[in-house]
Amino acid sequence: MGAKRRGAAAPPPGKKRGKREARAQLCAALRDAALREQAAAAWGRGEPLRHEVAAVEPAPFRHGVIPGFLAGPAFAEALRDELLGLGFRGRRNDLLSLRQSEELGGRPEPHVAALRHALCEEFRAWLSAVTQIELEPTIDISCAKYEYTDVLLCHDDELEGRRIAFILYLVPPWEKSDGGTLDLYSTDEHFQPQQIIKSLVPSWNTLVFFEVSPVSFHQVSEVLSEEKCRLSVSGWFHGPSIVRPARHIEAPLPRSPHIPYDHEILYEWINLVYLDMDSQAQIQEEFEERSEILLKDFLKKEQYQLLCEALENKDIQWSSRGPANKRLYKTAEEDSLPDTLKKFLQFLRSEALFLLLSNFTGLKLHFLAPSDEDEDAGEGRAADAAGHSSPKPEQEETEQHTDSNPHQPDQPDNIPEAQDNETQNDWDPEYGGFTSYIAKGEDEELLTVNPEDNCLALVYRDKETMKFVKYINHRSLARLKKHPNRTGFWDFSFVYYE
């Protein structure tokens, strides 16, 4: 639910309707004054009201469910048919994968227009009475189709003026095993999402609404059915803005200085072709031109195989890293790693690798590394006295993602990032899991890096460039036929600062 506010209004009273007039009659429960008063009292007190024709719930945030929202099956079926006849455009980014219609605010189709009128008039009045929010007579409204592997990741819907969100489902018979549930999250003391504590299964002609607030974190889980289409009409009612708490700012990951190791450690791990000075000069030239480079077969084959075997060790303790509105992946507890992986982390933090990466990139990642600034003292940017890195082994898994709403702390201007993937060379981009780099405030991708086994991806990133790892979907489970113990991939992700 991320459309811009345009606002659809009901036609003024007495306006002449076209010949193909349709009328959206809402369920009788919305005209039951006693039920409306009960719902308003429960909403105001933060108590549940569970009635067969309408329900309101306080947890994890205030929401309501109205089954049989549209009276009479014929109207709902005709509405569905009109919606399926609209043009849909695919939307794919860090947060979502789905097909969405244009705004329905000005659509002339009779059943679409009738639904819009009923929402803006009768239903808005009912919502205002129940929630005690003075809602404006305009709405944002659009239609979305979720099909196999489509998803909308954790977010809170907050945007200036949004007060009530709504979703009307027009789906075939639906089971929880089909995916596509509306998952509601609990939150912590920083108003950050913690865990899913309620999942609402889509149901034909059922409307769900909830109050948009700093804690209204929710997601649409991945659609797992290959045959069914999750069709819905959704949008927001607007009203007076309320004071929001300041966004929680996370502490940056700690940086660790390099470890004194001489160049011999490079010969232990790295493919010798990358230790040739002519190769390094060629790599630097390409990196300085393109700000990124992929170094295939980076590690010695035998060392790479040892790493893959070590990563399957059952004694490794993996812990999830969130919050889910920003990232969700598993990271290994360093103390639980087998010796092979501990030695590899020492290699990643070694003084020798800092110097080698300086040669690859032309950046001054170590005080001994040469740089262009050395030739013109006082020009350019100052570098740290010693390089720092933040390497960590990560496990990307099905149903998980990284940085769905990327947040990066303030950082120095020059940041070469490196990622070494362990994927066994059969990773299809259709699975997701690729890393995308985008300019802050823009949608167009600057660079996409696909996982590839034993490949070191070096990327220059300044503080105006954001990155995210695309959600890994259930198509990736096809790999289980070849790798029964792997539902995702591993990578070693690390950042070196100039």
Side-chain angles (χ1 to χ4, degrees), residues 1-6 87-103 140 142-160 162 165 167 179-180 182-183 185 193 212 216-224 229-232 234-236 247 292 322-329 396-408 417 419 427-451 457 459 461-476 488 491 493:
M1 299 177 68
K4 294 180 180 178
R5 179 180 178 183
R6 290 185 178 86
F88 287 80
R89 65 183 181 91
R91 294 189 61 196
R92 304 284 187 274
N93 59 30
D94 56 325
L95 183 65
L96 53 81
S97 169
L98 54 86
R99 298 187 66 80
Q100 189 173 40
S101 75
E102 63 182 75
E103 280 281 321
D140 292 334
S142 63
C143 177
K145 290 197 301 186
Y146 292 78
E147 295 173 322
Y148 180 55
T149 71
D150 283 341
V151 68
L152 175 58
L153 298 174
C154 180
H155 62 292
D156 61 11
D157 266 10
E158 278 205 291
L159 198 63
E160 185 69 23
R162 288 181 181 173
I167 311 101
L182 179 63
D183 298 333
Y185 285 80
V212 177
S216 57
F217 285 101
H218 59 285
Q219 71 171 12
V220 176
S221 67
E222 181 183 351
V223 173
L224 306 180
C229 171
R230 183 189 187 276
L231 182 71
S232 63
S234 59
W236 300 272
R247 292 281 184 179
E292 56 93 12
N325 61 321
K326 295 178 181 175
R327 65 187 71 83
L328 184 57
Y329 57 84
E396 308 290 349
E397 291 199 340
T398 301
E399 300 184 271
Q400 302 193 4
H401 68 287
T402 302
D403 292 337
S404 66
N405 276 330
H407 163 74
Q408 300 293 339
E417 296 198 331
Q419 180 171 302
W427 191 267
D428 189 325
E430 284 292 311
Y431 302 160
F434 51 83
T435 303
S436 289
Y437 293 83
I438 57 175
K440 187 182 291 186
E442 301 292 334
D443 292 329
E444 187 176 350
E445 293 180 355
L446 301 173
L447 173 68
T448 298
V449 179
N450 287 303
V459 179
R461 180 164 68 94
D462 63 23
K463 61 184 179 181
E464 295 301 315
T465 303
M466 318 300 286
K467 74 165 186 174
F468 67 88
V469 176
K470 183 64 175 176
Y471 172 86
I472 298 174
N473 62 54
H474 273 66
R475 295 182 195 272
S476 65
D491 67 27
S493 178

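A quick note: this is a predicted structure, and the numbers were derived from the prediction, not measured.
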Nearest heavy atoms of P451 and G433, plus distance in Å: CG-O, 3.4 Å
Could you check K145 against R230 for side-chain contact (heavy atoms from CB on, under 4.5 Å), going step by step and ending with a plain yes or no? CA-CA 6 Å; K145 290 197 301 186; R230 183 189 187 276; over 6 Å; no
For a side-chain contact (heavy atoms from CB on, under 4.5 Å) check, start with the C-alpha distance between I438 and M466, then their side-chain angles and the critical distance, and finish with the verdict. CA-CA 5 Å; I438 57 175; M466 318 300 286; 4.1 Å; yes
What's the separation between atom OG in S221 and atom CG in D150, rounded to the nearest 0.5 Å? 11.5 Å
Rounded to the nearest 0.5 Å, how far apart are NZ of K326 and NE2 of H155? 15.5 Å
How close do A165 and D157 get, heavy atom to heavy atom, and via which atoms? CB-OD2, 3.7 Å
For residues L152 and Q219, report the shortest heavy-atom separation together with the two atoms involved. O-CB, 3.2 Å
Taking atom CD of Q100 and atom CD of E103, what is their separation to the nearest 0.5 Å? 7.5 Å
For the pair E292 (side chain) and L447 (backbone), establish whether a donor and an acceptor sit closer than 3.5 Å, ignoring hydrogens and angles. no
Shortest non-hydrogen contact between S476 and W427, atoms and distance: CB-CH2, 4.0 Å
With rounding to the nearest 0.5 angstrom, report the OH to CG distance, Y471 to D94. 14.5 Å
With no hydrogens and no angle check, is any side-chain donor or acceptor of R91 less than 3.5 Å from a backbone partner on S97? no
Write down the atom of W236, the atom of V212, and the distance for their closest heavy-atom approach. CD1-CG2, 4.0 Å
If only side-chain N and O atoms count, and only distance matters, is there a donor-acceptor pair under 3.5 Å linking S216 with D156? no
Using the side-chain contact (heavy atoms from CB on, under 4.5 Å) rule, take V469 and Y329 through it: C-alpha gap first, then chi angles, then the decisive distance, then the call. CA-CA 10 Å; V469 176; Y329 57 84; over 6 Å; no
Measure the CG-NE2 distance between N325 and H218 for me, rounded to the nearest 0.5 Å. 11.5 Å
For the pair R99 (side chain) and Y146 (backbone), establish whether a donor and an acceptor sit closer than 3.5 Å, ignoring hydrogens and angles. no
Nearest heavy-atom contact between R475 and Y431 is O-CE2, 3.3 Å
How long is the gap from CG on N473 to CG on L224, to the nearest 0.5 Å? 10.0 Å
E445/K470 ion pair, N-O < 4.0 Å: no
